[in-house]
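Take a look at the structure set out below.
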Amino acid sequence: MNYKERIMIYPYDSNMTDVLRSNRFCDKYKEIYLCTMKGWGLVGNNPGIADGGTLINEMEVEDSFENCLKKVDTVVFVESDKELLKGKYVYPQMYTAASARKNIIDLLENNEIQEEIERYCIECEVNYSPFRRHDLNIEMNDHVKKEGLIECNVPIVVVAGETVNSKKFAVEYGIKEELENQGYNPILVGSKAYCEFLGDLSFPDFMLRHNINDIEQVLMFNRFINKIGKDADVIIIGIPGGIISCTDYLYGDFGILAYKVFQSINVDFFVFNVLYEEYYPSFFNEMQMFINKRFSTNVDVFNICNKHIDWEKVETAKPRQIPFLSLTTESIESEIKLMNRGNNTPIVSSGNISDMKEIVELLVKKLEVEEKKIIF
């Protein structure tokens, strides 16, 4: 019988809620402790309130790193959706954990002390496991440039969001789990940087580098998808960030990354996550036309997430940082029913499990109509 570890996730906030809602993830561990920062309003509460979504069973949030450390074998250090000084609140705790002979799993996107903490873990005789975006050694050469794009014979599902923090990963992971429940073999290329930790693939690092030009990135991503598709029934791709600009000064990357992805592959099914707003009736039809014109694809499902821009704080927010409010999933479900009236494209909520099943049903049905069935 394999030993199940007791782990602590630190610093806990909404960044990890979608993972904790997965029974498959939680079943891997004997116990999971959640340690947050003082002042984040999560202490003593159910961890599900961190993002306003459904409650997460049998867990409670604490704020004492030392107390949690005594109860675990491994500490999982994660990125936070909130602004946090790692040098003050994260890196010192790494040394504390290693000194206490606790194993470390490092899911930080940018760890400035990785080499130092790795050496220190060796000295303390504990395991240090960093998880970063990988690229599967996809190379660019003259042959690839001459050959151009290669058609992928496996159905491709793309999940993208209007902005950052639009609950894309909840949809990506939800689609993957529902397909697995139905007996399929999906491969997830997730928008989160820590997907390898979950046994999946993260969006490749070469697409985010500035030393690789746009044309090469398009060709490399095309090869990346063809390489992983050899063993899959369906490929799910989550595009990091947002694909449109909210305002003239909240512009993200203007959808450039998404444009390169859509240029490199043919999309069979597209789920577009949008923030919650009081939309006028024609919004979704107009957004459908906008997406088609800019990315040469159609939205198959709109997913309304429970995030809302805090417009009162926009003008005082730091450059390019969008202030968000979290709404409860229940509070927007009735609104979604109204939004579906008069719209040709289905509108769902990722916070609703039945809606996730509906997305997969729509996916399978579309592929059957287009004679591109998911093959076992």
Side-chain angles (χ1 to χ4, degrees), residues 2-51 53 55-114 116-132 169 173 192-200 202:
N2 293 329
Y3 173 73
K4 285 189 174 184
E5 287 186 303
R6 299 167 299 164
I7 67 169
M8 179 210 313
I9 295 175
Y10 174 86
Y12 176 75
D13 71 351
S14 56
N15 186 43
M16 291 295 289
T17 49
D18 296 322
V19 175
L20 291 177
R21 291 192 178 97
S22 166
N23 290 330
R24 295 188 185 186
F25 173 78
C26 294
D27 288 345
K28 293 179 182 178
Y29 301 100
K30 183 177 181 179
E31 294 173 350
I32 300 176
Y33 294 88
L34 307 175
C35 184
T36 188
M37 302 297 298
K38 289 180 171 64
W40 283 4
L42 301 177
V43 179
N45 290 307
N46 185 281
I49 72 163
D51 68 352
L55 298 182
I56 299 171
N57 294 331
E58 301 179 358
M59 291 186 203
E60 191 173 280
V61 184
E62 304 176 46
D63 66 357
S64 174
F65 186 86
E66 289 73 20
N67 287 343
C68 288
L69 197 62
K70 297 174 184 177
K71 298 181 279 189
V72 302
D73 309 297
T74 299
V75 182
V76 183
F77 289 91
V78 300
E79 289 288 346
S80 169
D81 283 334
K82 297 179 175 61
E83 188 175 3
L84 185 66
L85 296 174
K86 293 178 185 175
K88 183 176 181 180
Y89 297 107
V90 178
Y91 298 152
Q93 279 72 9
M94 284 187 155
Y95 285 103
T96 300
S99 298
R101 300 297 176 91
K102 308 298 181 180
N103 298 320
I104 291 177
I105 294 176
D106 178 4
L107 305 187
L108 302 175
E109 287 199 46
N110 298 298
N111 185 347
E112 298 173 356
I113 64 164
Q114 179 172 337
E116 292 91 333
I117 195 64
E118 191 167 8
R119 285 195 296 267
Y120 190 68
C121 285
I122 292 173
E123 293 176 12
C124 295
E125 299 181 338
V126 297
N127 294 325
Y128 173 71
S129 304
F131 288 86
R132 303 285 185 266
F169 190 69
Y173 208 64
K192 295 284 189 182
Y194 56 70
C195 290
E196 278 78 8
F197 170 61
L198 304 174
D200 302 301
S202 297

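Along the sequence shown, residues are numbered consecutively beginning with 1.
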Inset, instruction - State whether a side-chain donor-acceptor pair under 3.5 Å links K192 with N15. - result: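 Checked: K192/N15 side chains pair up, N/O donor to acceptor below 3.5 Å.
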Legend entry - T36 versus D63, side-chain donor and acceptor atoms under 3.5 Å: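 Not at all, the side chains of D63 and T36 share no donor-acceptor pair under 3.5 Å.
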At their closest point, which heavy atom of [X] faces which heavy atom of [Y], and how far apart are they?
X	Y	value
S202	A193	OG-O, 3.1 Å
L198	K28	O-NZ, 3.9 Å
C195	F169	SG-CE1, 3.7 Å
A50	S14	O-CB, 3.5 Å
P47	Y12	O-OH, 2.8 Å
S80	K82	OG-N, 2.9 Å

Ignoring hydrogens and geometry, is there a side-chain-to-backbone donor-acceptor pair from [X] to [Y] under 3.5 Å?
X	Y	answer
N46	I56	yes
N103	V126	no
E79	E109	yes

Roughly how far apart are [X] [atom1] and [Y] [atom2], rounded to 0.5 Å?
X	Y	atom1	atom2	result
I105	I9	CD1	CD1	9.5 Å
N67	L69	CG	CG	9.5 Å
T74	I7	OG1	CD1	7.5 Å
I104	C124	CD1	SG	8.5 Å
I113	E118	CD1	CD	11.5 Å
M8	F77	CE	CZ	7.0 Å

Does [X] reach the side chain of [Y], with side-chain heavy atoms less than 4.5 Å apart?
X	Y	answer
L34	M16	no
L108	M94	yes
S129	D106	no
F25	L20	yes

Legend entry - Side-chain ion pair, D51 and R21, N-O less than 4.0 Å: yes
Inset, instruction - Identify whether the distance between the nearest side-chain nitrogen and carboxylate oxygen of E5 and K102 falls below 4.0 Å. - result: no
Inset, instruction - Decide yes or no on side chain to side chain contact (heavy atoms under 4.5 Å, CB included) for L84 and W40, but give the supporting numbers first. - result: CA-CA 11 Å; L84 185 66; W40 283 4; 4.0 Å; yes
Legend entry - Summary of side-chain hydrogen bond (donor to acceptor under 3.5 Å, both in side chains) pairs that have at least one residue in residues 90-100, sequence neighbours excluded: S99-Y120
Legend entry - Verdict with supporting geometry, V43 and K38, side chain to side chain contact (heavy atoms under 4.5 Å, CB included): CA-CA 8 Å; V43 179; K38 289 180 171 64; 5.8 Å; no
Qualifying residues under side-chain hydrogen bond (donor to acceptor under 3.5 Å, both in side chains), relative to [X], sequence neighbours excluded:
X	answer
E112	none
E31	Y33
E83	K318

Legend entry - For K71, all residues meeting salt bridge (charged side-chain N to carboxylate O under 4.0 Å, His left out), sequence neighbours excluded: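 For K71 the salt bridge (charged side-chain N to carboxylate O under 4.0 Å, His left out) partners, ignoring immediate neighbours, are E62.
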Legend entry - With sequence neighbours excluded, residues passing salt bridge (charged side-chain N to carboxylate O under 4.0 Å, His left out) with R24: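 By the salt bridge (charged side-chain N to carboxylate O under 4.0 Å, His left out) rule, R24 matches E180.
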Inset, instruction - Show your working on side chain to side chain contact (heavy atoms under 4.5 Å, CB included) between S22 and Y173 and close with a plain yes or no. - result: CA-CA 9 Å; S22 166; Y173 208 64; 3.5 Å; yes
Legend entry - Verdict with supporting geometry, V75 and F65, side chain to side chain contact (heavy atoms under 4.5 Å, CB included): CA-CA 10 Å; V75 182; F65 186 86; 4.3 Å; yes
